[in-house]
Amino acid sequence: MGYLKIRNYREQKIGEAACDHFTLNLLHDDIMKRTINLAIEMITNQSGPLPCPFSFFVMGSSGRCEQSVWSDQDHGLIYYEQSDGVKSYFWQLGKEISKGLNAAGYQYCDGGVMASNLLWCKSLSEWQAQLSKWIEESSWESIRYLLIFIDARTIFGENDYVEILKKQIFQTENKAALMTKFLTNSMHLKKGINLLGQLLTETHGPYAGSLNLKEIGIFPYVSAARLLAVKENLLETSTLSRLSSIPETLMSAEKKKLYKNQFLQLLHFRLMYCRHTDYHSGHYLPVSKLSKEDIKRVKEIIKNGSALFHSVRKGLEKGDSNGHK
Amino acid sequence: MNIDFLLNSIWVMLGAVLVILMIGGFILLETGSTRMKNAGHIAGKTLLTFSIGSILFWAVGFALAFGKGNALIGLSGFFYSGYDLKGLSLSGAVYFLFQLAFAGISLTIAFGGFAERAKLGAYLAFAVLFSVFVYPPIAHWIWGGGWLAEHGSQDFAGSTVVHLTGAMAAFAATIILKPRIGKYNKDGSANHLAGHNQVFTALSVLLLWVGWFGFNAGSTLSADKAFFGFVALNTNLGAAAGTVSAMIISWLVMGKADVPMMLNGALAGLVAITASCGFVDPWAAVVIGFIAGILVFYSIRFFENRKIDDPIAALSVHGTAGVWGTLSNGLFATKALASVGKPGLFYGGGFHQLGIQAIGVVTCGVFAFIVSYILLLIIKAAMNGIRVTEEEEIIGLDMSEHGSYGYPELVKAE
């Protein structure tokens with residue numbers, strides 16, 4: 001079976017790649033591309049050649065190039081032409097890729113954000129209609145979908161489809177209202193430090209004593225950078241490149257440097273200290289393994305993350321109340 | 001008829017009714033803090049064991065605790081027939097009922113340590129033995145004219161006699177029964193087996209809080225000068241301070257306003273003020289309750305980290321807070337209020353009363369623990385184990401011990 005070969009390749013390479021965040025994410029891309037190629041090969045053998053151009057994109061940590069050793073699947077598919085035949089062809093491809101990724105070591109997404117789900121596998125015009133509907137509805141769920149989509153990054157096929165769709169969101173008529181919705185959907189952050197200045201580790205369960213690095217550490221940076229990206233119409237997806245690209249009128253070069261540095265350190269701590277035995281364990285930082293200095297650093301990172309988020313939040317709320325678009 | 005006698009009897013009767021209603025509070029507390037599959041069992045066994053305790057206390061316990069005897073045990077008044085007691089200015093039957101209610105509460109607290117894993121038979125046997133061998137001796141020592149009473153030990157309404165005694169029996173049970181399935185992981189970390197209904201737990205606390213006015217203020221055993229009002233005032237302050245401090249400490253340390261912890265704080269405040277409600281000033285009641293709320297927070301974490309699975313926090317709420325409440329008399333008892341014993345450290349009494357209080361805590365605690373432990377080992381040997389099988393524990397004690405679920409539609413659907 002071909003996918004198992006890819007899995008073996010992954011297992012061979014990942015130990016070495018996991019020493020560095022950027023190398024690791026390039027490897028993930030490489031593995032995913034190999035999987036997609038193989039899936040296309042299987043589907044073309046089965047159902048004939050690709051009927052039209054398409055784009056396969058990833059979202060979530062993969063979209064942001066911020067995957068850890070283990071990662072789950074978050075992806076979607078956009079094809080150019082619209083017909084029932086084309087639809088069933090690409091749906092089949094979406095399902096095959098998802099199956100392949102699972103076999104290659106990327107577990108299925110619990111929330112069903114995968115090209116095997118018709119919600120995330122559509123023609124370009126259907127996608128345009130769906131985004132309009134999500135923006136118009138602005139329900140908690142559709143806003144959540146839009147926030148997920150903002151992190152989309154083309155990994156295979158036509159580059160401009162995702163771009164066209166993102167611009168549609170950026171150019172929406174009442175963007176201030178949409179920004180407010182995006183903000184309120186991003187507000188719930190897990191507290192990481194108590195009033196006594198101690199880290200709030202898990203009290204119960206298999207990760208008792210460890211810090212939920214994903215929700216406490218990473219989310220504030222990711223959410224803040226994502227909100228800024230929408231506000232400033234940035235197509236970049238990684239938190240680091242988003243922070244680099246925002247204009248200095250919004251954030252001083254000094255601050256940008258600080259936050260980028262802190263986020264990079266955070267990714268480094270995750271790679272170095274979390275037990276990467278499976279997808280979940282990779283999110284928990286075993287605090288007892290850290291030196292005093294490192295704990296101090298982690299606290300700094302958390303504090304700066306929430307400072308960043310709150311400054312972005314303040315900025316957005318101010319803009320909104322002044323009627324800026 | 002003597003009007004004092006009548007008023008005292010009515011007041012203490014009201015107290016007895018309130019304290020017996022606290023059994024309802026414990027039903028809600030214990031079911032709310034545990035899982036659905038055991039709800040019917042827990043509610044039912046609480047009434048059943050109170051009934052068993054009532055009969056035993058009537059036949060034997062009352063005589064051992066309050067009969068004439070020596071410094072260690074009472075020996076008269078078995079199968080109490082309702083006559084008035086010498087030296088008491090209230091109906092003997094009312095006094096009996098009031099004391100019976102206390103014995104019932106202590107027994108109910110002890111069963112907190114059994115929750116979700118003990119056989120029904122173990123409850124029945126222990127209800128009998130506790131009501132004869134554990135509670136009555138301690139009640140006699142402090143309230144029945146026994147050796148601690150002679151030393152001037154202050155326990156106004158039973159932080160030690162009722163709460164610590166029950167908690168130590170619960171402690172013995174948790175050790176012998178061992179943790180519930182799924183409570184601890186292989187690496188020793190604890191899982192949170194959340195109670196199924198926080199609304200029950202909150203209502204239970206309110207019910208207990210109100211019942212506590214009977215428990216503490218009723219312990220005046222008299223309507224004279226309406227001193228019960230002062231006792232009730234202190235009781236309310238202790239509870240309120242415990243609630244607030246447990247909320248503050250859980251917010252400070254865990255970063256969240258934990259509801260079950262806040263409720264445990266209320267109960268800890270009540271347990272602590274129970275010993276001192278008649279001996280201290282209101283400001284001290286606030287301090288005592290406040291400290292109890294903080295102690296209970298750390299105590300719960302302490303026991304959990306030591307792999308002692310205490311599903312409804314009986315050890316911390318009734319044990320730790322009971323010890324603190326009893327000792328607090330040695331610090332805060334005032335000259336004017338110390339009708340028994342001496343004033344506390346902060347009121348010019350030096351360390352004398354604190355020492356007496358400590359002796360009371362240690363001897364009663366050790367006695368309750370050792371006797372309960374031995375009794376449970378005997379029951380264990382006689383019944384071929386006091387814990388249900390793994391399968392029974394997993395399907396729930398509602399089904400294994402009684403044949404039907406407290407929540408039939410919900411549990412069967414799982």
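Quick note on labels: first sequence line is chain A, next is B, and so on, each numbered from 1.
Here A/Leu200 is the residue among A/Leu200, A/Leu195, A/Thr203 with the most heavy-atom pairs under 4.5 Å with chain B. Per-residue heavy-atom pair counts under 4.5 Å with chain B were compared for A/Pro206, A/Gly192, A/Gly209, A/Ala208, and the maximum is reached by A/Pro206. Taking chain A as the reference chain and counting heavy-atom pairs below 4.5 Å, the highest number among B/Asp187, B/Asn185, B/Asn305, B/Val253 is found for B/Val253. Note: B/Ala190 leads B/Ser189, B/Gly188, B/Ala190 in heavy-atom pairs under 4.5 Å with chain A.
For A/Asn194 (side chain) and B/Gly255 (main-chain N/O), no donor-acceptor pair under 3.5 Å exists by modelled atom type.
Heavy atoms of other residues, nucleotides or ligands lying less than 6.0 angstrom from NZ of A/Lys299 number more than 12. Heavy atoms of other residues, nucleotides or ligands lying less than 6.0 angstrom from CZ of A/Arg275 number 12 at most. Around NZ of A/Lys255, the count of heavy atoms belonging to other residues, nucleotides or ligands within 6.0 Å does not exceed 12. With a 6.0 Å radius and a threshold of 12 heavy atoms from other residues, nucleotides or ligands, A/Glu16 has its CD atom at or below the threshold.
Considering CE of B/Met254 and NZ of A/Lys191, their distance stands at 11.0 Å, rounded to 0.5 Å.
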